[in-house]
Peer 1: 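After the C-alpha cells below, expect a handful of questions from me.
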Amino acid sequence: MKLNHLIKNLPLKVKGNKSKEIKGILIHSKKVYPGCLFLALRGGSEDGHNYIHEAVLNGAHAVMLEKTIPWLPKHVTQIVADDPRCYA
C-alpha cells in the first residue's frame, strides 16, 4: 500500500516521499525488510529510536519517530508523531 494512503487524514508531519510502497509495518529493527515502515517506539527499558539505523540498513523505506533526524538518508521518509505508539 502507498504510504500516503496509510497516513491519509492523520495529523502527522512528513519529511520525504509520501508515495512510497509500504510492504509491512514493524517495530523490531532486526525483522525489517526492504519496503517496510519502522515504528520507533519508546518502551520501559528500550527506545526504538536507538534502532533506526539498523532498520534503515535492513531496508526500511520510512520511519515513524518523535522528531526528524538530520542524519537519515534522504531516501528514507520520516513521519513525525508525538507518540508513535498510538499508531502501532
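Hydrogens, waters and symmetry mates are skipped; everything else that's a heavy atom, side chains included, is used. In this text, all values refer to a predicted model and were calculated from it rather than measured experimentally.
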Peer 1: Evaluate the side-chain proximity of M64 to L12: yes if any heavy-atom separation is below 4.5 Å, no if none is.
Peer 2: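 Yes; the side chains approach each other to less than 4.5 Å.
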
Peer 1: Is there a chain of hydrophobic side chains (I, L, V, M, F, W, Y, each step under 4.5 Å between heavy atoms) that links V63 to L26?
Peer 2: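 V63 and L26: one cluster.
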
Peer 1: Do I52 and W71 have side chains that get closer than 4.5 Å, going by heavy atoms?
Peer 2: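 Yes. Closest side-chain heavy atoms under 4.5 Å.
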
Peer 1: Under 4.5 Å between side-chain heavy atoms, hopping through other hydrophobics if needed: is there a path connecting I27 to I25?
Peer 2: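 Yes, I27 connects to I25 through the hydrophobic network.
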
Peer 1: Could you check whether any side-chain heavy atom of I79 comes within less than 4.5 Å of a side-chain heavy atom of L37, counting everything from C-beta outward?
Peer 2: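 The answer is yes, as the side chains (C-beta and beyond) meet within the 4.5 Å cut-off.
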
Peer 1: Just wondering, more than 12 heavy atoms not from N50 lying within 6.0 Å of its CG?
Peer 2: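 Correct, the count exceeds 12.
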
Peer 1: Roughly how far, to the nearest 0.5 Å, is CD1 of I22 from SG of C36?
Peer 2: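 C36 atom SG to I22 atom CD1 measures 8.0 Å (nearest 0.5 Å).
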
Peer 1: Hey, is the main chain of E66 close enough, under 3.5 Å, to the side chain of H49 for a donor-acceptor pair?
Peer 2: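 Checked: pair present.
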
Peer 1: Going hydrophobic residue to hydrophobic residue with side-chain gaps under 4.5 angstrom, can you get from Y33 over to Y51?
Peer 2: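 Yes.
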
Peer 1: For residues L57 and F38: do they belong to one hydrophobic cluster (side chain heavy atoms under 4.5 Å, members Ile, Leu, Val, Met, Phe, Trp, Tyr)?
Peer 2: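 The answer is no; the residues belong to distinct hydrophobic clusters.
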
Peer 1: What's the shortest heavy-atom distance between A62 and L3, and which atoms?
Peer 2: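 Smallest heavy-atom distance, with atoms named: CB-CD2, 4.3 Å.
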
Peer 1: Heavy atoms only: give me the nearest N58-S29 pair and the separation to one decimal.
Peer 2: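 Looking at all heavy atoms of both residues, the closest pair is ND2-O, 2.9 Å.
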
Peer 1: Rounded to the nearest 0.5 Å, how far apart are NZ of K67 and CG of D82?
Peer 2: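 Those atoms lie 12.5 Å apart.
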
Peer 1: Sub-3.5 Å donor-acceptor pair from the side chain of T77 to the main-chain atoms of K18, do we have one?
Peer 2: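 The answer is no, because no donor-acceptor pair under 3.5 Å joins these two groups.
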
Peer 1: Does the side chain of I69 reach to within under 4.5 Å of the side chain of Q78, using non-hydrogen atoms?
Peer 2: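 Yes, side chains in contact.
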
Peer 1: Does D47 reach the side chain of R42, with side-chain heavy atoms less than 4.5 Å apart?
Peer 2: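 Yes; the side chains approach each other to less than 4.5 Å.
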
Peer 1: Rounded to the nearest 0.5 Å, what separates atom CE in M1 from atom CD in E21?
Peer 2: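 Reported value, rounded in 0.5 Å steps: 8.5 Å.
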
Peer 1: With a 4.5 Å cut-off on side-chain heavy-atom distances among I, L, V, M, F, W and Y, is there a chain of contacts connecting L65 to L41?
Peer 2: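 No; L41 is not reachable from L65 via cluster members.
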
